[in-house]
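The structure appears below as structure tokens.
Here the structure is a predicted model, which means the values were calculated and not measured. Throughout, protein chains are lettered first and strands after them, A, B, ... in sequence-line order, and every chain is numbered starting at 1.
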There are 2 protein chains.
Amino acid sequence: MGTPSARDKNCPPTATGTSVPYFPLESRHLQVRYALKESGNVNPDPFSRNCGSRKVIDRIGDRWSVLVVLTLADGEKRYGELAERIDGISQKMLTQTLRGLERDGIVTRTVHASVPPRVDYALTDLGRSLLDLVAGLEEWATRHLAEVEAAQARYDAR
Amino acid sequence: MGTPSARDKNCPPTATGTSVPYFPLESRHLQVRYALKESGNVNPDPFSRNCGSRKVIDRIGDRWSVLVVLTLADGEKRYGELAERIDGISQKMLTQTLRGLERDGIVTRTVHASVPPRVDYALTDLGRSLLDLVAGLEEWATRHLAEVEAAQARYDAR
DNA sequence: CGGTATCCGAACTGATACTG
DNA sequence: CAGTATCAGTTCGGATACCG
């Protein structure tokens, strides 16, 4: 299967025009294709499952992660505070999102052995570095919102 | 329903600790809740459907948009080229994604009246401004990939 | 308070077949 | 070539009920 580092190298650094490296999805189908490639049984279009872009996009991909990170921007928060601030999120999704972020090392989860229980969530250093980018996205959105809406109106009119 | 601009103001500029403005989803349920609030029949937690962050997150939210924008980084590309480069995307998803990006004014679609037909896609100025951010995300991903994977390994071990 | 477990409809996604 | 239409499998997401 070649060296893993070599495969990772196939992943485009910053979208320069290299060839066919993206592997964004985790569907069964693609996993199968990947497995086949790994075993060398299929036509050779090299693409890496470990592609960095896939990782972020998976995490950014779900609607809530970004919001959670953004909400933690001004410091540690309790589960309940997060639930309250991120309007529209369900308990299930909040928990699920927090677990994912925790797994990725983006937030920490601190349980205080008190009664009633108290659980605090905070960004890690890694999380804060991601926050910079995510905040940029939000800023972009607010800055260009009017433009986007104008474009949509134009498109819909036609 | 109050002035729309006032509602938009409720949307947090850059995740400073204001209160409960996010409305990321477009589910029927939430639309109903929003409609209820609009008519003033429900408890008052002000949040804006036009929240800028919702807009971007919706667009960034699906896995493919980011990849398409990234792939268009080095210039105009044909439909087929995109399909080839973005490995794993189906025709349906590619078309759907491109339509969405076109609607938002992020890409242009140029049909050449030739036979066989030829359709070129390119980033608009708006698209290029978004590219900057998206490229940053990709860079972040590649830079911190090892960290994320280490965190995941640690989490899974436990 | 801060979750977990289950259920179920909605939405997403891809494969396939067909068209201008 | 660049789509559109249709259909089936999977996942997503919320409501509800319950637990430590």
Side-chain angles (χ1 to χ4, degrees), chain A residues 22-34 54 57-68 76-103 107-122, chain B residues 22-34 36 54 57-68 76-102 107-122:
Chain A
Y22 298 118
F23 186 58
L25 237 45
E26 203 143 31
S27 74
R28 237 147 327 287
H29 172 64
L30 291 175
Q31 297 236 353
V32 167
R33 285 180 59 185
Y34 180 72
R54 185 175 89 65
I57 290 156
D58 277 2
R59 178 104 337 267
I60 299 306
D62 71 284
R63 294 170 153 89
W64 301 116
S65 293
V66 173
L67 268 342
V68 169
E76 184 175 68
K77 290 206 172 22
R78 299 182 59 169
Y79 181 89
E81 291 183 87
L82 290 171
E84 187 187 357
R85 261 144 174 255
I86 306 172
D87 194 39
I89 198 171
S90 65
Q91 243 185 1
K92 175 182 172 179
M93 282 304 106
L94 179 54
T95 300
Q96 190 172 301
T97 303
L98 286 168
R99 291 289 177 278
L101 292 171
E102 188 193 356
R103 192 176 104 97
V107 307
T108 55
R109 176 174 184 270
T110 331
V111 183
H112 300 277
S114 60
V115 49
R118 172 197 180 96
V119 181
D120 287 325
Y121 292 91
Chain B
Y22 299 118
F23 186 57
L25 238 43
E26 203 142 29
S27 75
R28 236 148 327 287
H29 172 64
L30 290 176
Q31 297 236 355
V32 166
R33 285 181 59 185
Y34 180 71
L36 287 172
R54 186 177 88 65
I57 291 156
D58 277 2
R59 178 107 332 271
I60 299 307
D62 71 284
R63 295 171 152 86
W64 302 116
S65 293
V66 173
L67 267 344
V68 169
E76 184 175 67
K77 290 209 172 19
R78 301 182 59 170
Y79 181 88
E81 290 182 89
L82 290 171
E84 187 187 357
R85 261 145 173 253
I86 305 171
D87 195 38
I89 198 171
S90 66
Q91 248 185 355
K92 176 181 171 180
M93 281 305 105
L94 178 54
T95 300
Q96 190 172 300
T97 303
L98 286 169
R99 291 288 177 279
L101 292 171
E102 188 193 356
V107 307
T108 56
R109 176 172 183 269
T110 331
V111 183
H112 300 277
S114 61
V115 47
R118 173 195 179 97
V119 181
D120 286 326
Y121 292 91

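- A:S90 contributes atom OG, which lies 8.0 Å from atom CG of A:L94 (distance to the nearest 0.5 angstrom).
- Note that the OH atom of A:Y121 and the OG1 atom of A:T97 stand 10.5 Å from one another [nearest 0.5 Å].
- Listed pair A:R99 / C:dT4 meets the phosphate criterion, a side-chain N or O lying under 4.0 Å from OP1 or OP2.
- B:I89 has its CD1 atom 12 Å from the P atom of C:dA15, to the nearest Å.
- If you take CD1 of B:I86 and P of C:dT13, they are 14 Å apart, rounded to a whole angstrom.
- If you take CG of A:L82 and P of C:dC1, they are 14 Å apart, rounded to a whole angstrom.
- Atom NE2 of A:H112 is separated from atom P of D:dG20 by 22 Å (rounded to the nearest Å).
- Close to C:dG3, at under 4.0 Å from its OP1 or OP2, lies a side-chain N or O of A:Y121.
- Atom CD in B:E84 sits 13.5 Å away from atom CD1 in B:I89 (nearest 0.5 Å).
- Distance, A:R109 CZ to C:dG2 C1': 8 Å, rounded to whole Å.
- As a whole-Å value, the separation of A:K77 NZ from C:dC1 P is 18 Å.
- Computed from coordinates, the B:L98 CG to D:dT4 P distance equals 10 Å when rounded to whole Å.
- Going from atom CG of B:L101 over to atom CD of B:Q96 covers 11.0 Å, rounded to the nearest 0.5 Å.
- For the pair B:Y79 and B:K92, both in contact range of DNA chain D, the more 5′-proximal nearest nucleotide belongs to B:Y79.
- Contact annotation for A:Q96: no contact, since no heavy-atom pair falls under 4.0 Å across all strands.
- Each of B:K77, B:H112, B:R109, B:R78 was scored for a side chain to side chain donor-acceptor pair (under 3.5 Å) with B:D120, with one residue passing: B:H112.
- Residue-to-nucleotide proximity on DNA chain C shows that, of A:Q91 and B:M93, the 5′-proximal contact is made by A:Q91.
- Following rounding to the nearest Å, B:L94 (CG) and C:dC12 (C1') show an atom-to-atom distance of 16 Å.
- For B:R78, no side-chain nitrogen or oxygen approaches OP1 or OP2 of D:dG3 to under 4.0 Å.
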